[in-house]
**Q** 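I am attaching a structure below and will ask some questions about it afterwards.
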Amino acid sequence: MRSEEIRETFLRYFEERDHVRRPSASLVPSVHDPSVLLTTAGMQPLKPYFLGEEEPPSPRLTTCQRCFRTTDIEEVGNTARHLTFFEMLGNFSFGDYFKHDAIRFGWELSTEGFGFDPDQIWVTVFEGDDELGLGPDTEAIEIWREIGVPEERIVRLPRAENWWQAGPTGPAGPCSEMYLDRGERFGRSEDLPGDDTERFLEYWNHVFMTYELHEDGSLTDLPSRNIDTGLGLERMAAIKQDVPSVYETDLFRPLVELAEELSGRSYGDDGKGTRAMRIIADHTRGTANLIADGVVPSNEDRGYILRRIMRRAIQQGRVLGLEPPYLGRFAERVIEDMGGVYPHLVEHRDTILRWVSDEEESFGRTLARGT
Ligand code: SER
């Protein structure tokens with residue numbers, strides 16, 4: 001299943017269930033939302049609807065949102081699935097359906113749409129938290145039981161795993177994650193979801209968005225009970241394309257191939273080279289998308305995030321022994337690959353390439369002086 005088919009399967013499934021499909025919003029959050037520098041989840045642009053500040057265009061929406069997270073930036077390249085830039089598929093309900101339908105949709109699409117074997121699906125649920133003053137999510141546990149998930153595959157996890165909040169304040173709630181058990185050839189018999197192993201791959205998070213979290217840590221009820229889900233496109237592509245890492249999916253292959261072509265080395269040959277190719281692929285996707293959304297490299301805030309990923313990509317090009325300039329070649333390939341789904345990348349092609357070339361030139365001078 002190509003990534004394009006995964007996007008379509010998801011979005012069409014929810015359209016057929018009365019959700020309105022909306023395009024990805026910008027990676028730059030609205031000026032009214034200072035809680036994050038960049039869009040970190042599909043729900044971010046929809047916050048005013050969850051908070052009851054604005055009327056949603058429909059009580060049910062579905063999107064494929066481009067997201068950027070810096071939390072794991074140092075892990076990118078070292079593992080099979082950490083990324084900074086990624087696409088998140090989601091279905092959202094604003095005071096319309098709640099846990100019952102959300103969980104049923106998640107189950108049906110996983111088993112019928114994506115063809116997962118029900119025996120390989122595990123789920124996690126919120127076990128409660130004293131500080132938040134909340135007990136276990138017995139309602140979600142009961143719904144998973146009704147669906148037929150056996151008791152041992154309903155794993156209760158603490159706030160650190162099964163609670164979602166969008167930044168330090170804002171809409172929040174307990175969540176329930178779906179995992180695919182890839183079997184013991186990927187791990188040990190005692191592995192469990194939540195342990196961050198290769199055996200259990202988390203692919204879909206369901207947030208039961210019920211509260212607003214305030215600066216003093218207190219919770220108040222939102223005007224309505226809502227649903228926010230997130231399914232990582234890249235992870236689903238790795239599962240459906242049966243490859244060991246996201247970098248071997250059709251979303252990353254063209255970039256990895258370009259790195260192979262320019263360096264004359266092969267992905268997977270040696271640890272350093274593989275890591276470099278992964279970092280270049282992830283960071284150049286982020287670079288092109290951030291610039292297309294109006295971010296420019298600078299020394300503060302989101303401009304600094306952009307500068308940091310550009311410079312990390314440039315440094316990794318050196319590790320591969322690439323002849324500069326090369327960052328523009330990767331950015332061009334991102335535009336080529338993603339431009340069909342996100343035409344604004346094509347519209348901003350010249351701007352993207354200009355910033356990339358300027359940064360590579362100035363950072364190249366810094367590197368030359370330094371060495
Ligand atoms: N907001 C949740 C997440 O990012 C579900 O979309 O996991």
Side-chain angles (χ1 to χ4, degrees), residues 6-7 10-11 13-14 19 21-25 27 29-30 33 35-51 56 60-73 81-94 96-99 101-103 105-107 109-110 122-126 137 140 155 157-180 193-194 196 200-213 219 222 224-236 239 246:
I6 297 174
R7 273 196 210 94
F10 187 99
L11 297 170
Y13 175 89
F14 285 103
H19 292 66
R21 185 194 296 217
R22 295 264 296 210
S24 170
L27 283 167
S30 137
D33 183 3
S35 68
V36 285
L37 285 175
L38 294 168
T39 299
T40 58
M43 56 73 63
Q44 203 82 45
L46 313 175
K47 263 168 81 172
Y49 309 145
F50 287 119
L51 293 169
R60 297 179 179 205
L61 295 180
T62 184
T63 62
C64 181
Q65 174 64 45
R66 293 167 307 122
C67 302
F68 197 100
R69 290 186 189 178
T70 50
T71 355
D72 293 323
I73 191 166
R81 54 174 185 273
H82 281 103
L83 297 170
T84 56
F85 171 81
F86 59 97
E87 289 170 77
M88 188 185 277
L89 288 153
N91 55 292
F92 307 94
S93 154
F94 309 100
D96 191 41
Y97 63 87
F98 197 48
K99 290 184 195 180
D101 285 347
I103 289 177
F105 288 153
W107 184 258
L109 182 55
S110 296
W122 288 57
V123 298
T124 61
V125 288
F126 180 62
D137 191 349
V155 181
L157 290 177
R159 176 179 182 177
E161 298 290 336
N162 274 44
W163 174 264
W164 166 264
Q165 56 193 67
T169 57
C175 60
S176 182
E177 296 173 329
M178 300 184 78
Y179 282 75
L180 189 73
D196 203 17
F200 289 98
L201 265 197
E202 181 211 328
Y203 65 94
W204 199 349
N205 189 13
H206 287 72
V207 183
F208 312 122
M209 198 73 92
T210 321
Y211 308 102
E212 180 169 356
L213 179 64
L219 296 174
L222 286 171
S224 57
R225 301 196 305 171
N226 315 289
I227 291 296
D228 149 37
T229 88
L231 176 143
L233 175 69
E234 297 76 8
R235 281 195 188 183
M236 185 53 99
I239 295 172
V246 293

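In each ligand, atom 1 is the first atom listed, and ligand 1 is the first ligand listed. No experiment lies behind these values; they were computed from the predicted model shown.
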**Q** Which one of Tyr97, Phe92, Phe105 satisfies the ring pair (Phe, Tyr, Trp, His ring centres under 6.0 Å) criterion with Phe14?
**A**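 Testing each of Tyr97, Phe92, Phe105 against Phe14, the sole residue satisfying ring pair (Phe, Tyr, Trp, His ring centres under 6.0 Å) is Phe105.
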**Q** Is any side-chain heavy atom of Cys64 closer than 4.5 Å to one of Arg21?
**A** no
**Q** Distance under 4.0 Å to a non-hydrogen atom of Met43: what atoms of ligand 1 satisfy this?
**A**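 Those of ligand 1 that fall under 4.0 Å from Met43 are 1 (N).
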**Q** Do the side chains of Phe208 and Ser176 get nearer than 4.5 Å, heavy atoms only?
**A**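 Of all side-chain heavy-atom pairs linking Phe208 with Ser176, at least one is under 4.5 Å.
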**Q** Where is the nearest protein heavy atom to atom 4 (O) of ligand 1: which residue, which atom, and how far?
**A**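 For atom 4 (O) of ligand 1, the nearest protein heavy atom is Arg69 NH2, 3.0 Å.
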**Q** Using the benzene-type ring in the case of Trp, are the ring centres of Phe50 and Phe94 under 6.0 Å apart?
**A** yes
**Q** Just let me know how Thr40 lines up against ligand 1, side chain, backbone, both or neither, with a heavy-atom cut-off below 4.0 Å.
**A** neither
**Q** I would like to know whether Lys47 and Ser30 meet side chain to side chain donor-acceptor pair (under 3.5 Å); could you show each step before the answer?
**A** CA-CA 10 Å; Lys47 263 168 81 172; Ser30 137; over 6 Å; no
**Q** Does the side chain of Val36 come within less than 4.5 Å of Gln44's, by heavy atoms?
**A**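 Yes; the side chains approach each other to less than 4.5 Å.
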**Q** Number the atoms of ligand 1 from 1 as they appear, then name those within less than 4.0 Å of a heavy atom of Gly230, with their elements.
**A** 5 (C), 6 (O)
**Q** Of all the non-hydrogen atoms in the protein, which one sits nearest to atom 6 (O) of ligand 1, and at what distance?
**A**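 I find the closest protein heavy atom is Asp228 OD1, 2.8 Å.
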**Q** With a cut-off of 4.0 Å, which atoms of ligand 1 are near a heavy atom of Ala41?
**A**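 So the answer, numbered in order with elements, is 1 (N), 4 (O).
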**Q** Is the closest heavy-atom distance from Gln65 to ligand 1 below 4.0 Å?
**A**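 So Gln65 does not count as touching ligand 1.
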**Q** What are the atoms of ligand 1, with element, lying closer than 4.0 Å to any heavy atom of Thr229?
**A**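 Every atom of ligand 1 under 4.0 Å from some heavy atom of Thr229: 5 (C), 6 (O).
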**Q** Which residue and atom name correspond to the protein heavy atom nearest atom 7 (O) of ligand 1, and how close is it?
**A**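 I find the closest protein heavy atom is Asn205 ND2, 3.0 Å.
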**Q** For ligand 1, which atoms sit closer than 4.0 Å to a heavy atom of Val207?
**A**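 Listed by number with element, the hits are 2 (C), 5 (C).
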**Q** Less than 4.0 Å is my threshold; does some heavy atom of Met88 fall inside it relative to ligand 1?
**A** yes
**Q** Among Tyr179, Phe10, Trp107, exactly one meets ring pair (Phe, Tyr, Trp, His ring centres under 6.0 Å) together with Trp204. Which residue is that?
**A** Phe10
**Q** Ala140 and Lys99: which non-hydrogen atoms are nearest, and at how many Å?
**A** N-CD, 4.3 Å
